[in-house]
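For reference, the structure discussed in these notes is given below.
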Amino acid sequence: MKKLFIKTYGCQMNVYDSNRMAELLAPLGYGAVDGPEEADMVILNTCHIREKAAEKVYSELGRLRRMKEARQGAMTIAVAGCVAQAEGAEILARQAAVDLIVGPQSYHRLPEMIAKIARDGGHALETDFPAEDKFDALPDAGAAVGPSAFLTVQEGCDKFCSFCVVPYTRGAEYSRPVDDILAEARRLIERGAREITLLGQNVNAYRGVGPDGKTWGLDRLIRRIADSTGIARLRYTTSHPRDMTDDLIAAHRDVGALMPYLHLPVQSGSDRVLEAMNRGHTRDDYLRLVERVRAARPDIALSSDFIVGHPRETEEDFEDTMALVREVGYAQAFSFKYSARPGTPAAAARKQVAAEAKDARLQELQATLAHQQEAFAKSCAGKTMDVLFEKPGRKSGQAVGRSPYLQPVHVENAAHLIGTVASVKIAAVMPNSLKGELLRDEALAL
Ligand code: SF4
């Protein structure tokens with residue numbers, strides 16, 4: 001067996017892509033290992049969202065180059081993902097130890113790229129947006145999956161938010177056909193999945209071809225998956241407020257498998273900043289949307305992304321963000337300081353916010369969000385909730401699962417329930433997880 005190590009950066013879509021790359025390379029004799037030291041092939045599946053993403057990849061490549069030299073070149077190094085797409089041949093120019101560069105739309109071509117460099121030597125680079133459907137070209141390796149699985153239904157983005165590289169690295173919005181998604185969902189369930197998270201850069205912009213030849217939205221897709229597969233749990237991420245249709249909100253009311261948790265990024269609470277970000281909605285649009293979602297599913301918990309210090313953001317704009325956070329109340333959130341991504345409109349803006357102001361705003365925002373998250377966790381104490389058990393805990397017999405709100409839940413004497421959903425009473429709230437007790441010593445029949 002040849003040894004394959006994939007290091008995954010960034011979002012769940014990259015996790016999904018890494019799994020698919022591993023499946024793709026399995027027929028070539030590659031099996032996964034936990035580190036690069038022994039690996040015959042190392043793939044860095046990169047993300048361009050975080051600050052200095054490309055620099056971090058170059059520094060990791062420097063480390064890999066030294067390992068490769070120590071092994072007289074017996075290691076193939078590939079860079080995949082959004083940094084590969086954005087930097088392309090620049091990576092080969094800066095780090096000669098790299099053998100392969102493959103963008104997110106082209107990784108189904110990895111086997112032929114590997115064969116090409118084995119045959120001809122040199123490097124291989126694929127960063128086009130190929131005409132063929134990547135998903136059609138990917139094999140189903142049939143390997144076991146965990147109780148919680150990802151399924152990419154949509155890729156790319158047409159929104160062009162001022163700060164974001166995704167439309168440039170992942171390309172235009174594309175939705176997979178409903179039948180293909182259903183077939184993959186069934187395979188995942190056969191292989192052990194009890195929960196499926198539908199993924200897309202703009203997942204609620206999903207517009208796929210249905211079995212009737214018509215265009216289906218995410219709401220119809222969710223209803224069909226729930227009805228025809230009997231999956232215990234469904235989630236989807238990441239959504240844009242502009243694509244949160246009434247039909248999709250109604251699915252939250254009607255579809256029991258759809259978990260009462262919605263990641264709905266707002267980024268800022270200021271109309272001026274939302275406009276500068278090209279988000280295409282106002283603060284009020286977002287607040288009304290939250291009202292409608294909560295009216296449809298009163299037990300729903302919300303999470304969001306925030307960026308502080310976007311160009312032109314004033315103290316008043318930031319106060320608007322703080323006021324919005326207080327008004328909505330989030331169970332979970334991800335917040336970052338704005339940092340320029342080369343090639344995006346915001347990077348060229350003249351009015352950048354001073355670093356000290358960004359630091360102070362992020363600190364204030366994160367303190368409030370942490371407080372809200374803690375309050376939400378405490379509100380779960382004493383409640384009974386269904387937990388999907390995913391893996392063994394540190395203690396003997398213990399199992400760790402996820403609540404409907406994605407919180408980790410530790411339960412004693414529950415190892416036999418891994419891969420099932422069971423009712424749990426929340427006995428204690430820990431700093432980053434919940435402690436539960438089994439209500440019944442058996443899994444629900446799901
Ligand atoms: S909607 Fe999301 S993925 Fe698309 S440009 Fe905006 S932040 Fe990026």
Side-chain angles (χ1 to χ4, degrees), residues 9-17 45-51 53-54 81-86 103-105 129 150 152-176 197-207 217-218 235-245 248 262-283 285-286 289-290 302-313 321 324 330 332-349 362 365:
Y9 300 79
C11 66
Q12 290 152 330
M13 295 196 65
N14 267 14
V15 175
Y16 175 89
D17 287 346
N45 191 13
T46 60
C47 167
H48 211 304
I49 293 287
R50 296 278 184 278
E51 196 172 9
C82 289
V83 174
Q85 187 69 38
Q105 303 308 327
F129 291 95
F150 296 130
T152 293
V153 302
Q154 182 276 339
E155 284 197 294
C157 181
D158 297 341
K159 301 285 191 301
F160 290 92
C161 296
S162 63
F163 51 85
C164 181
V165 290
V166 164
Y168 310 98
T169 56
R170 291 269 177 167
E173 283 175 8
Y174 163 77
S175 298
R176 296 177 67 190
T197 302
L198 307 177
L199 298 178
Q201 261 95 26
N202 236 238
V203 71
N204 59 344
Y206 176 83
R207 300 280 180 274
L218 186 64
R235 304 179 186 275
Y236 62 92
T237 196
T238 292
S239 298
H240 194 294
R242 267 164 62 191
D243 294 311
M244 209 63 215
T245 61
L248 185 53
L262 177 63
H263 184 61
L264 193 60
V266 66
Q267 310 294 1
S268 168
S270 152
D271 281 341
R272 278 183 69 250
V273 176
L274 287 170
E275 195 181 342
M277 287 175 162
N278 192 32
R279 291 289 289 172
H281 66 84
T282 64
R283 163 201 182 85
D285 292 338
Y286 183 85
L289 178 55
V290 167
L302 293 171
S303 82
S304 179
D305 295 333
F306 294 92
I307 293 174
V308 299
H310 184 274
R312 295 178 52 208
E313 184 188 77
T321 299
L324 179 137
Y330 290 97
Q332 168 81 269
F334 305 92
S335 49
F336 309 96
K337 284 185 282 188
Y338 169 78
S339 68
R341 297 288 170 279
T344 57
L362 187 65
L365 175 63

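All values below come from the heavy atoms of this structure, side chains included, with hydrogens, waters and symmetry mates left out. Just so you know, residue 1 is the first one in the sequence shown, and it goes up from there. Both ligands and their constituent atoms are indexed starting at 1 by order of listing.
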Logged contact type for F163 with ligand 1, heavy-atom cut-off 4.0 Å, is side chain

Show the atoms of ligand 1 that are less than 4.0 angstrom away from any heavy atom in H240. 1 (S)

Near V166 (heavy-atom distance under 4.0 Å), the atoms of ligand 1 are 3 (S)

If the test is side chain to side chain contact (heavy atoms under 4.5 Å, CB included), which one of D17, V153, T237 qualifies with L199? T237

When you measure from atom 8 (Fe) of ligand 1 to each heavy atom in C157, C164, A205, which option holds the nearest one? C164

From CG (L302) to NE2 (H263), nearest 0.5 Å: 10.5 Å

Out of all atoms in ligand 1, which are within 4.0 Å of some heavy atom of P167? Include the element for each. 5 (S)

First locate atom OG of S162, then atom OH of Y338, and finally report the distance between them rounded to the nearest 0.5 Å. 6.5 Å

Taking atom OH of Y9 and atom NE2 of H48, what is their separation to the nearest 0.5 Å? 13.0 Å

Examine ligand 1 and decide if any of its atoms is less than 4.0 Å from a heavy atom belonging to R279. yes

The answer for which part of P265 has a heavy atom under 4.0 Å from ligand 1 is neither

Note the single closest protein heavy atom to atom 5 (S) of ligand 1, along with its residue, its atom name and the distance in Å. C161 N, 3.3 Å

Atom 1 (S) of ligand 1: the protein heavy-atom neighbour that sits closest, reported with distance to 0.1 Å: N202 ND2, 3.2 Å

When the ring centroid of F306 is compared with that of Y330, is the distance short of 6.0 Å? yes

Only residue of Q154, K159, R207, Q201 satisfying side chain to side chain donor-acceptor pair (under 3.5 Å) with E173 is K159

